[in-house]
**Q** 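Quick one: this structure, given as structure tokens, is what I'll be asking you about.
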Amino acid sequence: MRTSQYILATLKETPSDAEIISHQLMLRAGMIRKLASGLYTWLPSGLKVLRKVENIVREEMNKAGAIEMLMPIIQPADLWQESGRWEQFGPELLRINDRHNRPFALGPTHEEVITEFVRKEISSYKQLPINLYQIQTKVRDEVRPRFGVMRAREFTMKDAYSFHLSEECLNETYKKMHQAYCNVFERLGLDYRPVIADTGSIGGSVSHEFHVLAESGEDAIAFSSESDYAANIEKAEAVAPSIERPAPSKELNRFDTPNARTIEELKQQHGVKPHRGVKTLIAYGAPNENEERGLVALVVRGDHELNELKAEKLALVDSPLEFATEEDIVKATGAKPGSLGPVGLNMPIIVDRSAAVMADFVAGANEDGVHYSGINFDRDVTDYVVEDIRNVVEGDASPCGKGVLNIKRGIEVGHIFQLGTKYSEAMKAGVLAESGKNQIMTMGCYGIGVSRIVAAAIEQNHDQYGIKWPTALAPFELAIVPMNMHKSHRIPEIAEKLYADLQAAGIDILFDDRKERPGVMFNDMELVGVPHTLVIGERNLDNNQVEYKNRITGEKELIDLDKAVEVLLNHVKG
RNA sequence: CGGCGUUUAGCGCAGCUUGGUAGCGCACUUGGUUUGGGUCCAAGGGGUCGCAGGUUCAAAUCCUGCAACGCCGACCA
């Protein structure tokens with residue numbers, strides 16, 4: 001490709017609304033442009049990268065025995081009503097009406113459509129197991145789209161769905177997909193980790209996420225220092241402390257704290273160390289038979305954070321978790337947030353495991369501007385239950401029993417689920433089993449965020465000059481940079497010849513034939529991230545040589561003109 | 001949804017306090033100059049100042065409403 005006939009669209013300046021490096025570089029390198037919030041146009045070089053990711057995913061899926069198909073983006077509402085997700089999914093499901101005013105959804109995922117397809121087409125156990133996938137545009141009306149294509153409202157996803165007669169069979173396919181995903185991320189050249197995950201709105205039991213490690217990641221992942229245990233922090237169990245609770249040694253003592261409403265203020269004004277106090281968060285409880293929600297107190301150590309996901313899974317707590325308004329808190333406790341505590345609290349109290357082993361601790365007195373010290377469970381607080389409701393922190397014991405936890409940030413690029421019969425049951429998708437009886441199928445589903453991978457790859461592979469594409473993803477393999485071509489007779493001649501010969505040798509080339517200064521060309525090629533560059537200039541031609549540069553290693557090499565094709569082929573394809 | 005902020009040329013921004021016919025840099029066009037890391041000079045094209053209403057002789061500037069975009073959102077207990 002010649003730059004003069006291409007849309008290179010590189011930018012010198014960074015658009016101000018791009019927060020993270022991959023978003024900035026994708027805009028600057030001319031890969032994407034924003035159309036509206038969370039909606040992006042893919043320019044030619046961006047699309048080339050996207051297609052490369054797609055193809056690797058496609059090849060590995062095919063290798064693992066999955067079969068590609070394509071389903072509509074627009075899906076009839078009644079399918080979603082059948083699965084129950086028309087109500088459940090919330091505003092993230094973008095809904096539209098057709099000209100007859102019939103309701104449809106723009107597909108955020110395709111469990112309903114595939115289940116509808118399979119229940120009609122597959123009728124015998126002999127046709128199972130089967131694993132069907134597609135690579136397609138998905139629509140999710142995100143609350144807050146951000147980071148460019150990282151969290152967009154329209155994005156490319158590979159979604160696969162498998163159908164089975166038994167759990168064991170599902171398990172086998174699940175393992176195969178797990179392996180296929182590892183293969184994909186290996187081939188993409190990314191630093192990634194599979195982690196134990198929550199199933200979220202998709203549902204099911206067993207689930208793993210695949211994360212590309214990056215500081216800008218929106219998820220935190222906990223790893224064991226000693227084993228290969230890794231889990232999303234929202235799912236990582238905070239194991240019960242191995243210590244016994246010390247016996248009370250202090251009396252309950254009221255003290256005035258007129259200006260201390262936070263853990264930090266308690267520390268600064270009254271010397272209370274955060275791990276010697278607890279915070280009491282008040283959320284709404286699960287509705288009773290009259291649909292009334294009471295309040296429930298969640299008590300965690302002062303230096304810990306509540307894990308909302310763990311909390312809302314408890315029977316006492318309403319799901320999704322919702323914190324009580326100040327008004328409701330004052331009505332129930334007589335105090336405002338900032339002076340709350342478990343002593344004398346008239347509502348169910350859930351105490352985190354780590355808070356439950358504390359003795360002589362500090363908490364609010366449920367009276368504005370007053371705290372207690374010397375609080376002890378069973379003496380001062382009698383009616384409570386102990387649960388795991390906090391986020392793990394660095395240094396916690398690993399739930400696997402070996403080592404301690406480290407925490408890193410990751411970008412979720414893949415997610416696999418054992419769905420079980422959640423959708424097949426609701427939509428009555430069964431086959432005739434060997435016994436001659438109808439049997440509901442067991443399902444798995446497997447997603448990869450194809451467009452997100454493009455951004456994640458840049459987060460992991462860039463420098464001050466631009467993108468450093470892994471070989472498998474680069475939009476072009478080789479850049480030809482002829483210097484001051486218009487001033488020379490032999491440079492255009494040689495550049496054209498090498499362009500033709502190298503193309504014939506199967507190399508994907510970006511030939512910079514613009515009438516630009518060398519610096520401009522070098523900067524653009526480095527920004528776009530072309531891994532190999534061939535520089536043709538008068539200086540080296542005097543010795544019958546051209547120059548090779550490697551974007552990743554920075555290595556430079558002078559090559560004799562008559563060996564150029566051979567040597568370059570070796571660098572690019574070798 | 002709540003809080004905060006932004007909106008002036010394709011991009012990045014100034015101008016607004018104190019109202020008087022809209023500017024800078026980059027990009028783009030033309031000519032010249034330069035040429036191994038984002039040359040320099042000159043001449044140009046491009047904006048109903050987010051939208052609607054109001055105040056005023058006069059509004060990018062002051063007032064009201066709306067919208068779009070962006071950042072943050074248990075961590076306060």
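In what follows, chains are A, B, ... by sequence order, proteins preceding strands, each numbered from 1.
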**Q** Is there a donor on the side chain of A:Glu538 or the base of B:rG36 sitting less than 3.5 Å from an acceptor on the other?
**A**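 No pair found.
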
**Q** Can you check the A:Lys515 NZ to B:rU29 C1' distance for me, whole Å?
**A**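 So the NZ-C1' distance, A:Lys515 to B:rU29, works out to 13 Å.
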
**Q** Decide whether A:Ser4 and A:Asp513 meet the rule of one side-chain donor and one side-chain acceptor closer than 3.5 Å.
**A**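 There is such a pair (donor and acceptor under 3.5 Å, judged by atom type) between the side chains of A:Ser4 and A:Asp513.
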
**Q** Of the options B:rU39, B:rG37, B:rG38, whose atoms approach the side-chain atoms of A:Phe522 most closely?
**A**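 In terms of side-chain proximity for A:Phe522, the closest of B:rU39, B:rG37, B:rG38 is B:rG37.
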
**Q** Give the rounded distance in Å between these two atoms: CZ of A:Phe147 and P of B:rC69.
**A**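 Computing the A:Phe147:CZ to B:rC69:P distance gives 17 Å.
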
**Q** Take the protein atom CG of A:Leu321 and the nucleotide atom C1' of B:rC75, then report the distance between them rounded to whole Å.
**A**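 Roughly 13 Å, once rounded to whole Å.
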
**Q** How far, in whole Å, is B:rA27 from B:rC11 if one measures between their P atoms?
**A**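 My reading of the P atoms in B:rC11 and B:rA27 gives 15 Å.
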
**Q** Measure CZ/A:Arg517 against P/B:rG37 and give the value in whole Å, please.
**A**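 Distance, rounded to whole Å: 8 Å.
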
**Q** May I ask you to verify whether the side chain of A:Glu516 and the base of B:rG38 hold a donor-acceptor pair under 3.5 Å?
**A**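 Side chain to base: no pair below 3.5 Å.
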
**Q** What distance, rounded to whole Å, do you find between the two P atoms, one in B:rG53 and one in B:rU61?
**A**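 Roughly 14 Å separates the two P atoms.
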
**Q** Is a donor on one side and an acceptor on the other found under 3.5 Å between the side chain of A:Lys48 and the backbone of A:Pro475?
**A**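 Answer holds: yes.
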
**Q** Round to a whole Å and report the spacing from CZ of A:Arg514 to C1' of B:rC28.
**A**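 After rounding, the gap between these two atoms is 14 Å.
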
**Q** Between B:rA52 and B:rA14, how far apart are the two P atoms, rounded to whole Å?
**A**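 Looking at atom P only, B:rA52 and B:rA14 are 24 Å apart.
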
**Q** Closest-nucleotide mapping onto RNA chain B: is A:Asn523 or A:Glu19 further toward the 5' terminus? I mean the 5' end.
**A**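 It is A:Asn523, whose closest nucleotide lies nearer the 5' terminus.
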
**Q** Counting only heavy atoms and a strict 4.0 angstrom limit, can you tell me which residues of residues 296-311 of chain A come near RNA chain B?
**A**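 The answer is A:Glu305, A:Leu306, A:Glu308.
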
**Q** Just how far, in rounded Å, is C1' of B:rA68 from NZ of A:Lys34?
**A**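 After rounding, the gap between these two atoms is 9 Å.
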
**Q** If I compare all heavy atoms of A:Pro103 with all of A:Asn97, which pair ends up nearest, and what's the gap?
**A**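 Shortest heavy-atom separation between A:Pro103 and A:Asn97 comes out as CA-OD1, 3.2 Å.
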
**Q** Summarise protein proximity over nucleotides 2-12 of chain B in one line of letters, 5' to 3': B for base, S for sugar-phosphate only, - for none, counting protein heavy atoms closer than 4.0 Å.
**A** ---------BS

**Q** Among B:rG36, B:rU39, B:rC26, which nucleotide has an atom closest to any side-chain atom of A:Lys12?
**A**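 Closest of the options to the side chain of A:Lys12: B:rC26.
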
**Q** Taking the side chain of A:Pro518 as heavy atoms from C-beta outward, which of B:rU35, B:rG70, B:rU39 is closest to it?
**A**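 So the nucleotide nearest the side chain must be B:rU35.
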
**Q** Between B:rU21 and B:rC16, how far apart are the two P atoms, rounded to whole Å?
**A**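 So the two P atoms sit 14 Å from each other.
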
**Q** In whole Å, what is the span from the CG atom of A:Leu35 to the P atom of B:rA68?
**A**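 Computing the A:Leu35:CG to B:rA68:P distance gives 15 Å.
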
**Q** Measuring from the side chain of A:Glu526 (C-beta onward, heavy atoms only), which nucleotide among B:rC75, B:rG38, B:rG37 has the closest atom?
**A**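 Among B:rC75, B:rG38, B:rG37, the one nearest the side chain of A:Glu526 is B:rG37.
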
**Q** Rounded to whole Å, please give me the gap between CG in A:Leu527 and C1' in B:rC26.
**A**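 My rounded result for the distance is 15 Å.
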
**Q** If you find the nucleotide of RNA chain B closest to A:Lys556 and the one closest to A:Ala324, which residue's nucleotide is nearer the 5' end?
**A**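 The answer here is A:Lys556.
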
**Q** Does anything in residues 481-502 of chain A reach RNA chain B, meaning a heavy atom under 4.0 Å, and if so which residues?
**A**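 Close to the strand are A:Met483, A:Asn484, A:His486, A:Lys487.
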
**Q** For the residue pair A:Asp360 / A:Ser373, report whether a side-chain donor-acceptor contact shorter than 3.5 Å exists.
**A**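 On atom types as modelled, these side chains do not qualify, holding no pair under 3.5 Å.
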
**Q** B:rC75, B:rG37, B:rC69: which one has an atom nearest the side-chain heavy atoms of A:Arg153?
**A**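 So the nucleotide nearest the side chain must be B:rC69.
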
**Q** Could you please name the option among B:rG70, B:rG37, B:rU35 that lies closest to any side-chain atom of A:Ser37?
**A**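 Closest of the options to the side chain of A:Ser37: B:rG70.
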
**Q** Please give the distance between the C1' atoms of B:rC51 and B:rA68 as a whole number of Å.
**A**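 To the nearest whole Å, 10 Å.
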
**Q** For A:Lys468, does the NZ atom sit with more than 12 other heavy atoms under 6.0 Å from it, leaving out its own atoms?
**A**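 Buried by this count: over 12 neighbours within 6.0 Å.
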
**Q** So, A:Asp380 and A:Tyr372: side-chain donor and acceptor under 3.5 Å apart, yes or no?
**A**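 Short answer, no.
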
